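Read the structure below first, then the notes.
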Amino acid sequence: MHDGQMRVRFAPSPTGPLHIGGARSALFNWLLAKASGGKFVLRVEDTDLERSSRESEEDIKNALRWLGLGWDEGIDVGGPHGPYRQTERLGIYREYTQKLLDSGKAYHCYCTDEELEEERRSLSEKHQMPRYMGKCRDLSEADEEKYREQGRKPAIRFRVPADQEVVVNDLVRGQVVFDSNGIGDFVIVKSDGVPTYNYAVAIDDALMKITHVVRGEEHLSNTPRQVLVYEGLGIQPPKFGHVSLILGKDRSKMSKRHGATSVEQYKKQGYLPSGLLNFLALLGWSHSGEQEIFTLDELVKIFSLDHAAKNPAVFDVDKLNWINAQHVRKLSDEALFEMALPHLLGSGLMLEGAHERSWLVKVVATARDHISYGAEIPKHVEIYFKDEFSFENEETEAVLREESAAGVLDLFEEKIKKAGELTAESVQALLKGLVKESGLPGKKVYMPVRVALSGQIHGPEMTLLIPLLGGQKILKRLEYVRGKLKG
RNA sequence: GGCCCCAUGGUCAAGCGGCUAAGACGUCGCCCUCUCAAGGCGAAAUCAGGGGUUCGAUUCCCCUUGGGGCUACCA
């Protein structure tokens with residue numbers, strides 16, 4: 001694995017947003033490139049004309065950029081082996097297809113969907129593997145002419161040699177052997193002239209001088225087809241490494257019903273790129289030390305395919321939350337604020353420009369150690385914004401109905417009025433004095449004040465809450481709550 | 001159905017013939033504490049089953065079971 005500069009690639013199909021599994025593949029490749037001083041190439045595999053879209057391509061690129069996984073070569077940035085969009089490389093594939101056709105390693109197939117469907121059905125009835133049996137393998141020129149006259153548009157199939165072992169030396173799985181007899185002649189160019197995945201991917205990886213193909217395990221079974229194409233073309237294949245799949249809680253492949261599956265959704269929920277990446281890195285890869293929290297730079301230093309796991313990994317949101325929380329804690333006040341702002345605005349807690357920025361920064365900072373991701377911020381700081389509130393429940397209200405409560409509040413108000421600047425220290429002193437003068441247990445003092453100020457029985461420390469609220473708001477809230485108790 | 005991959009606590013996982021089988025998340029308990037968290041300390045919890053190989057298997061081989069992937073003119 002430590003063999004000099006690597007040229008790796010991420011080659012998504014633009015058929016939807018960037019999936020969490022794709023993001024992990026991109027990360028692994030990116031890390032490999034950075035660690036070896038090599039190149040990370042971004043290629044777009046848009047040969048599925050029906051499902052591909054430019055919107056999805058943009059979404060994927062944006063997600064990659066947001067994650068900080070920039071590419072050295074590829075779409076948008078260019079490079080010596082472009083173009084990097086497969087539909088723009090049709091002429092290139094045609095050249096190789098002609099070679100294959102001329103040497104008899106590929107042939108035209110005029111079968112219709114119905115015919116193929118029928119073949120599959122009868123094979124599976126006989127409990128045989130449904131695969132193309134080679135009906136058009138040896139068509140004469142006259143046969144082909146006849147079909148063409150009928151207006152049939154041929155696909156091009158690769159002639160898979162019989163009785164051959166196709167060996168894949170996988171970087172994570174070791175040697176995997178396939179029997180060529182189990183692989184039917186597969187289509188390399190569809191009847192509309194567009195190559196299929198297994199064909200285009202092989203040619204592109206070779207032409208783009210990719211040294212290592214690291215991708216999800218779902219591609220392992222396709223690899224022998226690609227190896228066959230390389231053999232047919234007389235090209236040396238790249239090295240392959242198939243990383244285990246990411247599974248949902250029920251151990252099936254991650255899909256919508258498992259919750260958020262796209263990077264975009266995690267971004268929206270306010271996860272940090274560094275947190276998401278850290279979590280993804282630990283799915284299907286590990287290192288022998290005990291460290292769990294890594295920055296991207298640290299990962300570059302220690303990542304290697306040697307420690308890639310073979311067994312599939314279940315996506316555990318709890319762990320993601322914990323890891324992301326660790327990254328949140330390392331944020332500066334300013335960075336945390338930037339992250340919080342859209343969630344604050346979106347929650348309807350505040351309007352743009354309604355509060356002083358410096359105050360907001362401080363308020364948001366109080367949530368830092370208590371949240372896992374951005375969307376959790378509003379409910380943690382809500383208390384600073386709502387001067388009018390209802391009691392959380394009866395138990396909460398009961399705190400203020402207690403005999404000693406009214407006196408505590410009066411005394412508290414008096415002290416607030418007399419107090420100078422409210423800081424953590426001065427508030428601490430103020431409350432201590434309050435406890436002393438009232439002669440009550442601490443709890444009988446703190447709780448009424450807390451509830452009077454927020455309507456809740458729990459929340460941030462009073463030494464945090466009171467200075468941030470400030471004298472004016474406090475008096476306002478006291479008045480409000482007294483009115484509430486009477487009414 | 002065929003082919004391929006995989007198998008250590010609930011989850012991520014270390015382990016690479018001999019260990020009291022790491023660590024983390026989560027769970028539970030205790031401490032801290034005005035509350036909720038956070039934090040600190042501690043606990044419970046794993047080698048799928050069966051055969052081999054070996055002085056000795058979590059580790060190597062085979063079978064079974066279980067999970068997953070592929071089997072498209074999708075990627």
Side-chain angles (χ1 to χ4, degrees), chain A residues 11-15 45-48 50-52 86 109 111-113 116-117 120 123-132 153-157 168 170 172-174 176-179 181-184 186-198 200-201 216-225 242 244-245 247 249 251-253 279 282-293 307 309-323 325 329 367-371 380 399 431 435 441-451 454 456-462:
Chain A
S13 287
T15 56
E45 311 216 322
D46 57 348
T47 54
D48 184 340
E50 294 289 306
R51 296 194 303 149
S52 297
Q86 288 186 327
C109 168
C111 294
T112 62
D113 288 347
L116 294 171
E117 178 60 34
R120 268 195 293 272
L123 276 171
S124 84
E125 255 170 37
K126 283 182 263 175
H127 299 291
Q128 287 187 39
M129 171 149 97
R131 68 201 148 96
Y132 186 66
K153 283 237 164 80
I156 299 172
R157 285 183 186 272
V168 177
D170 196 272
V172 352
R173 269 146 230 285
V176 184
V177 182
F178 297 85
D179 179 357
N181 294 327
I183 305 169
F186 54 94
V187 172
I188 56 175
V189 180
K190 306 177 225 176
S191 54
D192 62 1
V194 179
T196 59
Y197 162 73
N198 281 122
V201 77
E217 199 205 304
E218 70 266 33
H219 291 289
L220 182 57
S221 303
N222 278 319
T223 308
R225 291 178 179 62
H242 290 92
S244 62
L245 255 25
L247 270 26
K249 262 243 169 320
R251 299 212 142 265
S252 68
K253 204 174 169 179
F279 173 68
L282 259 21
L283 273 189
W285 172 84
S286 67
H287 82 133
S288 28
E290 288 184 4
Q291 189 179 349
E292 300 269 342
I293 303 303
H307 292 91
K310 296 186 201 172
N311 48 323
V314 172
F315 189 95
D316 180 8
V317 184
D318 284 333
K319 182 121 187 194
L320 165 63
N321 286 343
W322 179 79
I323 288 177
R329 284 161 193 223
R368 184 191 279 108
D369 290 351
H370 308 275
I371 57 152
H380 274 272
V399 169
L431 288 171
V435 170
K443 197 165 182 166
K444 294 274 185 204
V445 170
Y446 281 90
M447 285 320 278
V449 172
R450 170 178 298 288
V451 173
S454 69
Q456 293 183 358
I457 210 160
H458 49 73
E461 287 169 31
M462 302 303 285

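Here the structure is a predicted model, which means the values were calculated and not measured. Per chain, numbering begins at 1; letters A, B, ... match sequence-line order.
- Nucleotides of RNA chain B nearest to A:Asn311 and A:Lys319 differ in position, and the one nearer the 5' end is that of A:Asn311.
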Item to check | Chi angles and distances behind the side-chain contact (heavy atoms from CB on, under 4.5 Å) call for A:Arg251, A:Val314 | outcome: CA-CA 6 Å; A:Arg251 299 212 142 265; A:Val314 172; 3.8 Å; yes

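- Mapping A:Met447 and A:Arg120 onto RNA chain B via the closest heavy atom, the residue that lands nearer the 5' end is A:Met447.
- Both stacking criteria are satisfied for A:Tyr446 over the base of B:rC34: a centre-to-centre distance under 5.5 angstrom and an angle between ring planes under 30 degrees.
- Computed from coordinates, the A:Glu45 CD to B:rC74 P distance equals 14 Å when rounded to whole Å.
- The base of B:rC34 lies close enough to the side chain of A:Arg450 for a donor and an acceptor atom to sit less than 3.5 Å apart.
- Nearest to the side chain of A:Asn222, among B:rG68, B:rU35, B:rC70, sits B:rC70.
- Between B:rA21 and B:rC16, the two P atoms lie 14 Å apart (nearest whole Å).
- Look at the P atom in both B:rU8 and B:rC47: the space between them is 11 Å, to the nearest Å.
- Within 4.0 Å (heavy atoms only), A:Ser13 reaches sugar-phosphate atoms of the nucleic acid but no base atom.
- Taking atom P on both B:rU46 and B:rG23, the two are 15 Å apart, rounded to the nearest angstrom.
- Shown here, B:rC3 forms a base pair with B:rG69; the pair counts as Watson-Crick or G-U wobble because both key distances fall under 3.5 Å.
- Checking side-chain atoms of A:Thr196 against main-chain N and O of A:Val187 turns up a donor-acceptor pair under 3.5 Å.
- Note: A:Tyr197 and A:His219 have tilted aromatic rings, judged against thresholds of 30 and 60 degrees for the angle between ring planes.
- If you check B:rC74, B:rC12, B:rC73 against the side chain of A:Arg51, the one that comes closest is B:rC74.
- Between the C1' atoms of B:rA22 and B:rA48, the separation comes to 22 Å (whole Å).
- Within the 4.0 angstrom heavy-atom criterion, only backbone atoms of the sugar-phosphate kind lie near A:Thr47; the bases stay farther away.
- One C1' atom belongs to B:rG15, the other to B:rU71, and the distance between them is 36 Å to the nearest Å.
- A salt bridge does not link A:Glu217 with A:Lys253: every distance from a Lys NZ or Arg NE/NH1/NH2 to an Asp or Glu carboxylate oxygen is 4.0 Å or more.
- The gap from the C1' atom of B:rG49 to that of B:rA57 amounts to 16 Å, rounded to the nearest Å.
- Side-chain atoms of A:Ser244 stay outside donor-acceptor range of the base of B:rC6, with no qualifying N/O pair under 3.5 Å.
- Atom-to-atom, CZ of A:Arg251 to C1' of B:rA7 comes out at 9 Å; the value is rounded to the nearest Å.
- At least one donor-acceptor pair closer than 3.5 Å links the side chain of A:Arg131 to the backbone N or O of A:Asn181.
- Taking only distance into account, the side chain of A:Lys310 never meets the base of B:rA7 through a donor-acceptor pair shorter than 3.5 Å.
- Here, B:rU59 and B:rG18 have their P atoms 11 Å apart, quoted to the whole Å.
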